[in-house]
Amino acid sequence: MMVDDEVAFARVMRVGERESRTATDHLVIDVGDAGAFRYSINGVPGRGLGRKGQVITARISRDNLATFFQQ
């Protein structure tokens, strides 16, 4: 994960493990199993990022923040 162009952490997370970061401008998340990945932004659940086993990179910024909230 990158937060405002700086590496925040880079590792495989275990089931149930949580990380919390604060971004000023944007963050980039690389996900190895998009179907299993869950997240929230300011306490609001995020939408699904992809299918089981799908590898994705998500860039979340002020400009596209609303598109990442669950509908």
Side-chain angles (χ1 to χ4, degrees):
M1 171 186 280
M2 295 194 63
V3 177
D4 297 329
D5 295 323
E6 293 190 23
V7 175
F9 73 92
R11 63 183 167 76
V12 175
M13 295 179 72
R14 296 183 181 162
V15 173
E17 187 176 4
R18 294 174 180 238
E19 285 287 337
S20 178
R21 296 293 190 266
T22 301
T24 302
D25 186 59
H26 65 275
L27 55 95
V28 178
I29 305 169
D30 293 312
V31 181
D33 185 353
F37 183 71
R38 301 291 178 264
Y39 66 102
S40 63
I41 301 170
N42 296 330
V44 179
R47 68 169 169 79
L49 295 178
R51 300 178 314 275
K52 181 178 179 178
Q54 184 178 11
V55 177
I56 62 97
T57 298
R59 181 182 168 91
I60 304 171
S61 68
R62 292 175 189 219
D63 293 337
N64 68 4
L65 181 62
T67 67
F68 283 91
F69 292 123
Q70 229 175 44
Q71 303 273 328

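Keep in mind it's a predicted model, so treat the numbers as computed, not measured.
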Chemist: Roughly how far apart are M2 CE and L27 CG, rounded to 0.5 Å?
Modeler: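 Result: 10.5 Å between the selected atoms.
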
Chemist: Atom CG of N64 and atom CZ of R59: how far apart are they, to the nearest 0.5 Å?
Modeler: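 Between atom CG of N64 and atom CZ of R59 there are 8.5 Å.
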
Chemist: Output the distance between atom OG (S40) and atom CZ (F69), rounded to the nearest 0.5 Å.
Modeler: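 Reported to 0.5 Å precision, the distance equals 9.5 Å.
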
Chemist: Indicate the atoms forming the closest heavy-atom contact of S61 with H26, along with that distance.
Modeler: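 Of all heavy-atom pairs spanning S61 and H26, the closest is CB-CB, 3.8 Å.
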
Chemist: Considering residues, nucleotides and ligands other than R18, do more than 12 of their heavy atoms fall under 6.0 Å from its CZ?
Modeler: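 Result for CZ/R18: open.
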
Chemist: Could you go through E19 and M1, starting from their C-alpha distance and side-chain angles, then the distance that decides it, and tell me whether this counts as side chain to side chain contact (heavy atoms under 4.5 Å, CB included)?
Modeler: CA-CA 10 Å; E19 285 287 337; M1 171 186 280; 5.9 Å; no

Chemist: Might you confirm whether atom CG of N42 has over 12 heavy atoms from other residues, nucleotides or ligands at distances under 6.0 Å?
Modeler: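 For N42, atom CG is not crowded (no more than 12 foreign heavy atoms under 6.0 Å).
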
Chemist: Can you name the closest pair of heavy atoms from A34 and L49 and give their distance?
Modeler: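 The answer is CB-C, 4.0 Å.
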
Chemist: Quick check: closest heavy atoms across Y39 and F68, and the distance to 0.1 Å?
Modeler: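 Closest approach of Y39 to F68: OH-O, 3.1 Å.
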
Chemist: Hey, what do you get for CD (E6) to CZ (R21), rounding to the nearest 0.5 Å?
Modeler: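 So the gap between those two atoms works out to 12.0 Å.
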
Chemist: After noting the C-alpha distance and the side-chain angles of V3 and T22, does the key distance pass the side chain to side chain contact (heavy atoms under 4.5 Å, CB included) rule?
Modeler: CA-CA 8 Å; V3 177; T22 301; over 6 Å; no

Chemist: If I compare all heavy atoms of R47 with all of T67, which pair ends up nearest, and what's the gap?
Modeler: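 In terms of heavy atoms, the two residues are closest at NE-O, 2.6 Å.
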
Chemist: Could you state whether I29 and V55 fall into the same hydrophobic cluster, counting links through intermediate Ile, Leu, Val, Met, Phe, Trp or Tyr residues with side-chain heavy atoms under 4.5 angstrom apart?
Modeler: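 Cluster IDs for I29 and V55 differ.
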
Chemist: Atom CD1 of I41 and atom CD1 of I60: how far apart are they, to the nearest 0.5 Å?
Modeler: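 It comes to 4.5 Å.
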
Chemist: Tell me the closest heavy-atom pair linking D4 and D25, and the distance in Å.
Modeler: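 Closest approach of D4 to D25, heavy atoms only: OD1-N, 2.7 Å.
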
Chemist: For the pair R11 and E17, evaluate side chain to side chain contact (heavy atoms under 4.5 Å, CB included) and give the outcome as yes or no after the intermediate values.
Modeler: CA-CA 12 Å; R11 63 183 167 76; E17 187 176 4; 2.7 Å; yes

Chemist: List the steps, then state whether side chain to side chain contact (heavy atoms under 4.5 Å, CB included) holds for T24 with R62.
Modeler: CA-CA 9 Å; T24 302; R62 292 175 189 219; 4.1 Å; yes

Chemist: In Å and rounded to the nearest 0.5 Å, what is the CD1 to CZ distance from I56 to F37?
Modeler: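 One gets 7.5 Å once the value is rounded to the nearest 0.5 Å.
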
